[in-house]
Amino acid sequence: MFEAKGLSKSFDGFMAVSRVDLSVEKGEMVAVIGPNGAGKTTFFNLITGILKPDSGRIVYKGEDITGLSPYEIFRKGISRSFQIVNVFQRLTVFENVQLSVLSRENKTWDLITNASKLYTDETEKILEQVGLLEKKNTVSGFLSHGEQKILEIAIALGGKPEFMILDEPTAGMSPEETVRCMELIKRLREEMDLTILFCEHDMDVVFGYANRIMVMVRGETIIQGTCDEVKCNRLVQEAYLGLSDE
Amino acid sequence: MDIYTILSQVLVGLSRTVILFIVSSGLSLILGVLRIPNVAHGSLYMLGAYTAYTISKFFGGQDLGFWVALIGAPLFVALVSFIAERCVFQFLYEREHLMLLLLTFGFSLIFGDLVKMVWGGEYKTVPVPKVFQGYILLFRHLHLPLYNAFLLIIGPLVAFLLWLFVNKTKMGKISRAAAVDREMVGAVGINVSWVFGMTFVAGCFLAGLGGMLVAPTISVTLGMDHSLIMESFLIVIIGGLGNIWGALIGALIFGLTQSIGILIWPKFGIILPYAAVVMVLTFKPKGLLKSTW
Amino acid sequence: MKKPLLILGYFIFIFFLVSTSKLFAEKTIKIGIVDTYTGPPTTFTFDVRDAFELAVKEINAKGGILGRKIEYTTRDEKFKPDVGLAMAKELLLKEKVDILMGTINSATALAVSDLARKEKVPFFVTFAKSDKITGEKGHRYVFGMNENTEMAGRAAALALSKMPYTKYWIAGDDYEYGHAIAEGVWRHLTKLNPKVTKVGETWWKVGEADFTPYITQILAAKPDFIIVATGGAGMVNFQRAAKATGLSEKIPFYQHTAIEHSVLMPQGLNAPEGVWGTCNYFFYYPDTNENRTFVEEFRKAYNRYPKVGALYGYVTAKFIAEGFKKAKTFDKEKFIDAIEGMVIDSPVGKLELRKCDHQLALPMYFGRTKKVGGWEFLIASDIQTIPSKDYMPSCEEILRLRK
Amino acid sequence: MNSVSLLEAKNINTFYGLSHILFDVSLRVEKGEIVGLLGRNGAGKSTTMKSIMGINPPRTGEIFYKGKSITGKRPFVLFRLGIGYVPDDRRVFADLTVEDNLEIVYRRNNEWTKERVYEIFPALKNIRNRRAGNLSGGEQQMLTIGRALMGNPELLLLDEPTEGLAPIIVKALEEQILKLKEAGISILLAEQNLRSALKLVDRVYIIDNGAIKFEGTKKELEENEEIKRKYLLI
Amino acid sequence: MVKVEKKKLIAAVLVIFLLFPLILPRFYVYLTSLIMIYGLLATSLNLVLGYGGIFQFHHCVFYGVGAYATALILTKTSLHPIFAFIAGPICGSVLSLILGIVCIRLSKLYFGMLQISLGSLVWAIVYRWYSFTGGDDGIHGIPIPEIFASTNGAFYFALMITTVSMFVIYGIVNSPFGKTLQGIRDNPVRCEMIGVNVRLHQLLALTISGFFAGVAGMLFVVVDTTVFPELLFWTLSLEVLIMCLVGGWFTFFGPMLGAGIIILLRTVVSTYTVYWALVLGIILTLVIFFLPNGVLGFIEEKFGRGLKRENV
């Protein structure tokens, strides 16, 4: 369904991402892990069109989407949430999600209709799914951190995506929130038949939810495989714990 | 049009550049380190000119008055700005730029009326000191007034002193560091608020100096701030925000395009600097040199 | 939620305003002055206002006009026509002034003039120099109390045509006033002396501070004489640059009002000598009793010498007073009928307010700057008086323009 | 206990805007010891450091330095009291040269000089005139530590000094940190690399999700497999 | 229920305004027209500033060009006045689009500075093209159709156009486009990520805003029957910015309120002192100091549906 082939990106000579290959099958939930500065976020930025790769190709559903703008990639059905909270601070929760729906439906040029009556059902359905319905009239800047992260996901859902990219969905959440959030993602995936690519620091989360794991260190993939394969891999332990003596 | 005409026009353009540079470098310093788009900068320039007038008059229009004013006027402006910084600006560093822009615009309104209250509406002039009266003849027919020649020396001197200040003094180095990372500067034991205050005062000192230097060539009038502040902002923008060398290059572009423009296209010569700004920003949206923003 | 508060605030303000307008006592002649009291023009406008005040005090001290005192109020229009117009309307509609006067800003003057025509209120223009005010756009309710660009140009051309120069350069501030003065001089100069030729032209932006580049260019062309059409602060700035570059010693030049006190006094003894200029008034010339008395009183009141604006302000007040006296009523139409063609005494002699175009016929003085012992600044010398009949556009010309 | 700890944080709670990051964190650093603050990425190590340094002051709770409350004091005051801070993202003053980076620091006295810093980090001496922005990660790390040293600190807050560095440089750095300990400087060391931390520290705290989960000596941690697995290992 | 009350309120306000000429002296009728014009201008600016997050520093260019277009058609052609009333807004929006295309690549302060210098070029052209625009003297005594020529006529015309325009702008702000614009203001990057072409939306916003600035310019001609280059000068633009700020730039009616406050202040203060710039400066600094969200923003914060300050 999705395939990245030999993606590379360097900043001022520093290889942030180097020759990364990844393919994701429909319905999979793939995790990308790696220490800070491993290039995970850069990799996601390449996939979603914020950055243009120096080399390599990105193929989605058999179509080459390398070099397309972010909004074009969104229209193809790839949605993304951000690591840092990146919601529309001054809009209400409802408007945040509605905006995404409007954009998908190509209604952003509509000057006449009153927006508050458009796609209310769908927006509310999304909000209900993620459990933010009772907060729909709160200005999103006032939500708690955890709620804002959930809202992030809700915004991404507004695009009716088939492929979702979640950049540290649980970063900065308390343990209880983390569990709730991951359960939510799991449920959404089942309900909406989503394919998910996410990165995460919390290993409990990664091993609890991912089908497959890709480990990145200093811009390179050191291993791809199932949870068990990764757990037992010596390179991974080195990267995380510095257990090697070489 | 021979080469001498062009050369002389360039030379004359340069002396105008000097004033623009001195004022804009102060503006740039404040923009770069404190991130305040200081619209009141022009008012401080005007204040410098008026103070120069008062000092010069106190000494009966003698040469001594000029030299005292050369130091005294900028210092007085620096004092005024120091009070303003400690009383108002230090509490507002984190505000949005638009707010600061309008706040300083409010200050320029206040300054404008205060100057009117104190000095009244009459035109004032500051006499050129005796040593700089007269002119030198260059390239057959360039009548370069001695005072402009003096400015041509002062300009590089100020640039050099600024370079010394920014690159060689501890204060300058700290301000450069603070421009990029004010939090970390605080974390190595430096009182950032104080550094900001001093930088603000230094920038305003330059505005006062510019006003003082320009005073002997023009009539000091109310409203002289308005014509200058726009040009200064454009200079700072095309040079790169917060970059003092950018201010120099911007001032050069402004001064030279204008004086050359007069030569080749007299009717619309004054449009050239603005056209230059549009050109620069079209190709280099962030200004010519590296901005600290 | 928001609306009621908005409306409430609005009404509080309105009532505040309404109550303030009651401040004026009844039974006075109210005059509203709209003028620029901000920025460079203040050097001229303060004199208009102060001399006007002086005259009003004199008149009121003598018991006012027909038993009523004159009362006046000023508004600062900040050299912005939109503000000026709003303030003129405020004076007219809220303060209910009987007469409007003022403004150095031609655009404001023209806009207010149009308002005066619609509202049928006399409007005395006291410093705006556009010749459109009493020329092309003149009407029954507007009065020109100062010389305009056309008059200045014609007077200067008259004097210059008698001089031997033939190769002229024209330079000036690139705005209406500069162009109008230059054109006025040039049009009539070519008519009066067909031998003159134009070597070149230079126009700089208004408020230009450094004239050296332009002067370099002019010097290179070696003209005999330069017509410099600057206004406001540009007058002083150009003279300073001319002195610094040595231009004033090499090539004679003319500036309207170059010999005027407001230009020369700030420069002290450093002003260039030998600059030709035209002006309507000096506090030292003509050396008549009327002028001396006026200067004396003005100095007593404001501790400075009156400048040209003072004449305009003073004369305007006199005309208003005499006009009402002659009309013997406070009816505005009768007042206008009364002052049309009226002649009064002034510090510069008898002055007539022409009936055909409502333009005050002022004598014009042509002279050059000179250092004279005993003065702390340069004064005008070699003064020739050009009587108004010699240089003012004729009534036929004006009426042709208005058609 | 009658002796006063060098640094003591009591129940600090810190927020970033609206999000609650630290939950009742308490810790202690005694004179002369290196204390490790271990935890995964995003566990709250850096926030703890910033809270202590006053860059992101805690909303509740108190911090004592040599027995005196320093809660809410501004960073430059703390630095002048002798607390040096080395941030995880290094933050050298990129526009200045190496030497200038050292020189602009506020100095309490002349105990630490540029020369002494160069003695500990000889690599810096050769590149003293290079722009700090052009240095490699390891060099920048040395520079930030050196910069903190110039203020003659008694307590050094080291935030992940080895992060992103090549193993050989990490090794050198570890030795240099031990040298600092010998010089009498107490260190609070934030680290996610257990291996590296265990070489240096005397005592450890383990932080996860903004709360302290374990406190003990190095030995206690080494023996507690469960804690290691739960909070640090995969 | 709330909805009905809101409608009633608006209707009541409109009725009060309709009665203004009957209950108020002429001057206040004129002043109200003026406030409506500047209020509309400030609201049109706020569409891009407060709702779009675009730092349009030199907004008056479009206002002035609109006024000039109207004035020129009324004085120099014999076309039906309706063309003049349409031409103003259209010229404003077209110019706004052109300047927008040039400037839109830049962000925030840079956008503002480039826009201000381009605007100054337009001003310079108007200022010196004597034969066409009348130069710095401007054009005066513009003939206005008889029914709008009186103070009351002009007031009703201004009231009608302003009301319609405000309704339209309100509609736009609450339309999907308006929401998108606010999204772009809050977070342009995220907006791209949900499939919005940010630049094109901003351009459309600029065009609309220029259109309503042109409407305000056209109204100015009707009310004051005069035009001059100062309408395009940058200081006026800053004054309009101040109106937005004083009223509250994150509220819909804030700019209108700000225009009212500034113009009334000007009228009141200038009656007493020539130093009204000083008073304005002091008030401005106080507002920025104590009411960073403007007067209306403050009122909403205190009494309304709390949009408390969070610095984004």
Side-chain angles (χ1 to χ4, degrees), chain C residues 1-7 9-11 13-14 16-18 20-21 23 37-38 42 73-83 85-87 89-96 105-115 117-118 128 130 132 137 139 174-177 179-180 203 205-206, chain E residues 6 9-10 12-13 16 24-32 34-35 124 127-128 130 134-138 140-142 149 151 220 224-226 228-231 233 235-236 251-254 256-257 260-261 263-264 266-268 270-277 295-296 299-300 303-305:
Chain C
M1 293 299 131
K2 297 168 251 175
K3 278 259 174 173
L5 280 161
L6 198 152
I7 300 301
Y10 192 89
F11 275 103
F13 253 104
I14 294 282
F16 184 42
L17 283 173
V18 174
T20 57
S21 61
L23 284 177
Y37 298 121
T38 304
T42 44
T73 177
T74 60
R75 294 287 182 273
D76 180 10
E77 54 116 312
K78 295 191 154 290
F79 214 73
K80 291 173 186 164
D82 52 335
V83 178
L85 194 57
M87 288 181 167
K89 286 195 179 178
E90 187 239 349
L91 288 172
L92 262 188
L93 303 177
K94 186 162 80 89
E95 304 289 359
K96 306 247 184 308
N105 183 342
S106 290
T108 312
L110 286 164
V112 174
S113 163
D114 190 51
L115 174 72
R117 182 174 57 83
K118 280 188 211 146
S130 172
K132 285 187 203 142
K137 299 272 177 189
H139 52 81
D174 196 2
Y175 69 141
E176 191 74 29
Y177 172 73
H179 284 279
W203 298 98
K205 71 161 193 284
V206 186
Chain E
K6 211 173 176 185
L9 225 149
I10 291 170
V13 169
I16 291 174
L24 281 178
R26 249 178 89 202
F27 174 66
Y28 299 106
V29 176
Y30 164 71
L31 203 63
T32 315
L34 214 55
I35 289 171
Y127 189 83
R128 40 186 50 232
Y130 305 105
D136 50 323
D137 277 356
H140 308 278
I142 296 159
T151 309
F220 181 80
D224 265 352
T225 66
T226 173
F228 30 77
E230 273 78 4
L231 293 177
F233 200 55
T235 50
L236 185 60
T251 55
F252 183 75
F253 285 107
M256 185 61 92
L257 178 68
I261 290 173
I263 289 178
L264 287 175
R266 186 174 83 188
T267 314
V268 176
S270 67
T271 314
Y272 295 104
T273 170
V274 294
Y275 295 112
W276 63 269
V295 175
L296 199 56
I299 292 170
E300 278 196 356
F303 309 105
R305 349 152 258 176

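Here is how names work: the chains are called A, B, and so on, in the same order as the sequence lines, proteins then strands, and each is numbered from 1.
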C:Ser113 meets the side chain to side chain donor-acceptor pair (under 3.5 Å) criterion, sequence neighbours left out, with C:His139

Indicate the atoms forming the closest heavy-atom contact of [X] with [Y], along with that distance.
{"X": "C:Asp76", "Y": "E:Trp276", "result": "O-NE1, 3.5 Å"}
{"X": "C:Ala107", "Y": "E:Asp136", "result": "CB-O, 3.6 Å"}
{"X": "E:Ser270", "Y": "C:Met87", "result": "OG-CE, 3.3 Å"}
{"X": "E:Arg266", "Y": "C:Ala86", "result": "NH2-CB, 3.8 Å"}

Count the heavy-atom pairs under 4.5 Å between each of C:Ala109, C:Ala128, C:Ala111 and chain E, then report the option with the highest count.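 Top option by heavy-atom pairs under 4.5 Å: C:Ala111.
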
Greatest number of heavy atom pairs closer than 4.5 Å to chain E - which of C:Leu115, C:Val83, C:Leu92 =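 Going by pairs under 4.5 Å, I would pick C:Val83.
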
Between [X] and chain C, which part of the residue has a heavy atom less than 4.5 Å away: side chain, backbone, both or neither?
{"X": "E:Ala149", "answer": "neither"}
{"X": "E:Leu236", "answer": "side chain"}
{"X": "E:Thr235", "answer": "side chain"}

ask   = Can E:Thr225 and C:Lys118 be said to form a side chain to side chain donor-acceptor pair (under 3.5 Å), step by step?
value = CA-CA 11 Å; E:Thr225 66; C:Lys118 280 188 211 146; 3.0 Å; yes

Nearest 0.5 Å, please: how far is [atom2] in [Y] from [atom1] in [X]?
{"X": "C:Asp82", "Y": "E:Leu231", "atom1": "CG", "atom2": "CG", "answer": "6.0 Å"}
{"X": "C:Tyr177", "Y": "E:Asp137", "atom1": "OH", "atom2": "CG", "answer": "12.5 Å"}
{"X": "E:Phe220", "Y": "C:Leu85", "atom1": "CZ", "atom2": "CG", "answer": "6.5 Å"}
{"X": "C:Glu77", "Y": "E:Glu230", "atom1": "CD", "atom2": "CD", "answer": "9.0 Å"}

Under 4.5 Å to a heavy atom of chain E? For C:Tyr37 that would be side chain

Under 4.5 Å from any heavy atom of chain E - which part of C:Asp114
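For C:Asp114, side-chain heavy atoms alone lie under 4.5 Å from chain E.
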
Taking the side chain as every heavy atom from C-beta outward, state whether C:Lys94 and E:Tyr28 have any pair of such atoms under 4.5 Å apart. yes

Practice prompt. Please tell me if the side chains of E:Leu31 and C:Glu90 come closer than 4.5 Å, counting only heavy atoms from C-beta onward.
Written response: no

Residues at least two apart in sequence or cross-chain that pass side chain to side chain contact (heavy atoms under 4.5 Å, CB included) with E:Tyr275, listed by chain then number, are B:Asp113, B:Lys116, B:Met117, E:Thr273, E:Leu278

